[in-house]
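Below is one structure, written out as structure tokens, with a few remarks after it.
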Amino acid sequence: MVDRSGKFEGDNPFDICKRWIAESEDGELNDPNAIALSTVSEDGMPNVRMVLLKNIDHSAFVFFTNFGSQKAIEIFDCGKASFVWHSKFLRRQIRVRGITSLESELASDEYYKSRSLKSRLGAWASIQSKPLNSRKILLDRVETFTESLGDDPARPKFWGGFRIAPTEIEFWAEGEARLHDRFLWSKRDQDGQWSIERLFP
Ligand SMILES: Cc1cc2nc3c(=O)[nH]c(=O)nc-3n(C[C@H](O)[C@H](O)[C@H](O)COP(=O)(O)O)c2cc1C
């Protein structure tokens with residue numbers, strides 16, 4: 001049995017993630033839920049960008065995006081993704097690797113509805129990751145959608161959530177003289193049991 005008292009304590013890694021992110025909220029300048037999301041293109045070239053982690057439930061991490069974006073193309077192609085969350089304030093990081101799937105239509109609708117009207121219209125206007133010749137074209141598209149969709153736009157079908165169901169979650173916390181603590185939670189597949197091991201820093 002590995003001793004994980006203190007910040008690493010808990011039987012459920014999703015709860016530990018939620019606890020760490022909540023603890024970081026007072027100290028981060030903004031976006032304490034920001035993660036660097038990594039995907040791999042068809043030819044094996046890695047790619048990374050920030051997104052906001054919008055939900056953590058009993059089995060997956062959820063973020064929202066445009067399904068035509070570069071990240072979405074790579075996720076649809078590969079079916080896997082990883083991310084890292086880092087708090088400068090807490091001096092901790094969480095690394096996740098897992099299997100991707102689409103969030104339910106209902107959950108995507110609910111999250112879309114919770115966004116500001118401008119963000120909802122922006123989702124319609126942005127052909128994310130595609131070339132844009134001028135900012136004016138984007139602003140004109142926002143205006144067009146504002147006029148045509150009114151103040152209660154439905155979620156565009158090309159926009160919604162992805163779930164990342166982890167097979168590995170690593171919790172890292174800074175230690176004195178760079179003798180950091182690391183605990184890797186891993187399981188063979190979605191239905192497997194978590195096993196936990198301490199790693200050298
Ligand atoms: C702090 C931060 C949060 C972001 N959150 C999101 C997000 O939740 N969803 C999203 O699609 N893009 C988000 N972006 C923009 C992405 O980093 C990226 O530019 C965009 O999604 C296009 O990526 P892609 O071309 O690799 O698909 C965020 C950027 C930053 C800096």
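Keep in mind it's a predicted model, so treat the numbers as computed, not measured. Counting convention: from 1, in listed order, for ligands and their atoms alike.
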Open item on the list: Can you confirm whether K130 is buried at NZ, in the sense that more than 12 heavy atoms of other residues, nucleotides or ligands lie under 6.0 Å from that atom?
Closed with: yes
Open item on the list: If the contact criterion is a heavy-atom separation under 4.0 Å, does F64 count as touching ligand 1?
Closed with: yes
Task: Sub-4.0 Å heavy-atom contact, N47 with ligand 1 - done: no
- [ ] Flag the pair E168 and K187 as a salt bridge only when some basic side-chain nitrogen lies within less than 4.0 angstrom of an acidic carboxylate oxygen.
- [x] no
- [ ] Indicate yes or no: does D181 engage R4 in a salt bridge with an N to O separation below 4.0 Å.
- [x] no
Verify whether the ring centers belonging to [X] and [Y] lie closer than 6.0 Å.
{"X": "F162", "Y": "F76", "result": "yes"}
{"X": "F67", "Y": "W159", "result": "no"}
{"X": "F61", "Y": "F14", "result": "yes"}
{"X": "F171", "Y": "W85", "result": "no"}
{"X": "F8", "Y": "F183", "result": "yes"}

What protein heavy atom lies closest to [atom]? Include the residue and the distance to one decimal.
{"atom": "atom 16 (C) of ligand 1", "result": "M50 O, 3.1 Å"}
{"atom": "atom 25 (O) of ligand 1", "result": "S129 OG, 2.6 Å"}
{"atom": "atom 23 (O) of ligand 1", "result": "K71 NZ, 3.3 Å"}
{"atom": "atom 26 (O) of ligand 1", "result": "R49 NE, 2.7 Å"}
{"atom": "atom 12 (N) of ligand 1", "result": "Q128 NE2, 3.8 Å"}
{"atom": "atom 8 (O) of ligand 1", "result": "L52 N, 3.0 Å"}

Task: Any protein heavy atom nearer than 4.0 Å to atom 5 (N) of ligand 1 - done: yes
Show the atoms of ligand 1 that are less than 4.0 angstrom away from any heavy atom in [X].
{"X": "S69", "answer": "27 (O)"}
{"X": "T65", "answer": "10 (C), 11 (O)"}
{"X": "D31", "answer": "1 (C)"}

Open item on the list: For the backbone of Y111 and the side chain of S114, can you confirm whether one donor and one acceptor N or O come within less than 3.5 Å of each other?
Closed with: yes
- [ ] Pick, from L53, T39, V51, the option with the minimum heavy-atom distance to atom 7 (C) of ligand 1.
- [x] V51
